[in-house]
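I have placed the structure first, in the form of structure tokens, so that the comments after it can refer back to it.
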Protein chains: 2
Amino acid sequence: MAKSVTARALDLLGVFDSEHRSLTLSELARRTGTPLGTAHRLVGELVRWGALAREPDGGYVIGRRIWQLGLLAPVQSELRTAASPFLHDLYGATLATVHLAVRDGLEVLYIDRLAGHVSVPVVSKIGSRLPLHATGVGKVLLAYAPDDVRANALQNLTRVTAYTVTQPARLLEQLRRVRAEGYATTGEEMSLGACSVAVPVRNGDAVVAALGMVVPDLRRQLPRLVSALQVAAQGIGRTLASVQWK
Amino acid sequence: MAKSVTARALDLLGVFDSEHRSLTLSELARRTGTPLGTAHRLVGELVRWGALAREPDGGYVIGRRIWQLGLLAPVQSELRTAASPFLHDLYGATLATVHLAVRDGLEVLYIDRLAGHVSVPVVSKIGSRLPLHATGVGKVLLAYAPDDVRANALQNLTRVTAYTVTQPARLLEQLRRVRAEGYATTGEEMSLGACSVAVPVRNGDAVVAALGMVVPDLRRQLPRLVSALQVAAQGIGRTLASVQWK
DNA sequence: GATACCTTTCCGTTCAACGGAAGCCCGGTG
DNA sequence: CACCGGGCTTCCGTTGAACGGAAAGGTATC
């Protein structure tokens, strides 16, 4: 299956994640199913180029060059920089945990986050992925996703908490309302004690991201939060559109 | 020279930089000296894995997966997160542009930056590299670098402005003073109208980074800035040491 | 000093990668 | 409309780089 050299080399990088930031050569070989001899050579090349680095303790970690490259990715260089000041405003105005996310395949990918000093159990981390159907930002992204994506996502509504929506019909109805009303909400569907609201961020007509916040309870303040979110999302969209043509 | 497939694939990624965030297939082929047929195949694999992505306009850009990986790099995940609150404090206290940087080979690599709304001409960007001998953070990193690095760096003191120190003997003397006094300064050596101060950030005994600021003029406030920097650097070091063993 | 685990080096075989060339798809131009 | 130049994609026969098993070298553990 994974035959090509390139694919193998990339897979060696791919086994790193936030729980495994440092791996030994043999761990890498095991996790990728690469024979040791081969892994040794490939890792050597990756280190030479700067994609991996060797720690004093002998473990391998992701190298600085990858980090530098990552800064050039559009999510980072355009979306994130455009959104950053608005996230701060939003956080300042509400003191809730604020999220910026995009859809990547059938998952939500968190681009940025501003967390208040604890308060609500929040699962997301910058760069992490969560299912589309159990988060506020996820529902927004799903609501505006192409039909085939939505169809695929509905196939597989895994249960996370007792409140997670797992019936396709019910979720579809919710998504319809998201499009009608312009915002999505969740109530403890991803983690108990956490509710969320989210709105789309548009560049022109296209929905390119979602902006959301997590709070312990929605009832009283929903209108206020929605309008704060919409103002910020508007600002981000405007910034994106203006940066586009320089 | 660059024969191995892996090296070629990596080189394809390596030609992206902040001036060239989006490249077409044939640009990639030209810039790496790869025949088109080969480039096509390799780029295809990179896209399949998520290292590159194709924009609607047909150009290739760095993919989200690389960005995600970059977040796992130690510079980002340890240094940057440990330092972030202290950078904010420092910025709040002084309103000067604040920098965190490490040495990478014979260059300064900027890890984080907090810029005031214009004021002084600042060259650095997050993820960018500059020569070691012409910046405050660079001098600090050079002062505490291993002997062979320092020797190599002194070979090649390129002139940037009229004030850049280009005589090895003079720079060596400055570095001696940096070690003795615990901070480095520059006066318009990198860019006219900008002076800088910097101090080392230590993790235990080892100097792992440098913390600096850029201001229009140093004379009057030097002692105040140095002590603010030292307090912050101390804090960062403490945080690093405590995170180390979890 | 034996054990267990990791890393590094070596080398003959083989099959994946190579890249030249030919065809495709556009958009611009005479 | 026909032509042209550009970038993109596909194809295929040859070849040498990549493969991976095996064995030797390290280093902590019992």
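Heavy atoms only: backbone and side chains are in, while hydrogens, waters and symmetry mates are out. Note on naming: letters A, B, ... go to the chains in the order of the sequence lines (proteins, then strands), and numbering restarts at 1 for each one. This is a predicted model, so every value here is computed, not measured.
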Whichever of A:Gly37 and A:Arg30 has the more 5' nearest nucleotide on DNA chain C, that residue is A:Arg30
Report the distance from atom [atom1] of [X] to atom [atom2] of [N], rounded to the nearest whole Å.
X: A:Glu45; N: D:dA17; atom1: CD; atom2: C1'; result: 10 Å
X: B:Arg41; N: D:dC11; atom1: CZ; atom2: C1'; result: 13 Å
X: B:Leu25; N: D:dC8; atom1: CG; atom2: C1'; result: 7 Å
X: B:Leu36; N: C:dA22; atom1: CG; atom2: P; result: 15 Å
X: B:Leu52; N: D:dC8; atom1: CG; atom2: C1'; result: 16 Å
X: A:Asp57; N: C:dC5; atom1: CG; atom2: C1'; result: 16 Å
X: A:Arg54; N: C:dC6; atom1: CZ; atom2: P; result: 13 Å
X: B:Glu55; N: D:dG7; atom1: CD; atom2: C1'; result: 18 Å

Nearest to the side chain of [X] - [options]?
X: B:Leu42; options: C:dT8, D:dG20, C:dC18; result: C:dC18
X: A:Pro35; options: D:dG21, C:dG19, C:dT8; result: D:dG21
X: B:Arg8; options: C:dA17, C:dT8, C:dG19; result: C:dG19

Between the side chain of [X] and the main-chain N/O of [Y], is any donor-acceptor distance below 3.5 Å?
X: A:Gln68; Y: B:Gly127; value: yes
X: A:Arg202; Y: A:Ala206; value: no
X: A:Thr239; Y: A:Gly235; value: yes

Flag yes if more than 12 heavy atoms outside B:Arg150 fall under 6.0 Å of its CZ atom; otherwise flag no.
yes
For atom CD of A:Gln234, decide whether the heavy atoms of other residues, nucleotides or ligands shown that lie under 6.0 angstrom number more than 12.
no
OP1, OP2 of C:dT7 versus side-chain N and O of A:His40: anything below 4.0 Å?
no
Tell me which one of A:Val178, A:Val208, A:Leu141, A:Val140 satisfies side chain to side chain contact (heavy atoms under 4.5 Å, CB included) with A:Pro200.
A:Val140
The bend of the helix from C:dG1-D:dC30 to C:dC24-D:dG7, taken between the axes of its five terminal pairs at each end and rounded to 10°, is 50°
Which distance, rounded to the nearest 0.5 Å, do you find between the CG of A:Leu71 and the CD of B:Gln76?
8.0 Å
Using a heavy-atom cut-off of 4.0 Å across all strands, would you classify B:Thr38 as base, sugar-phosphate, or nothing?
base
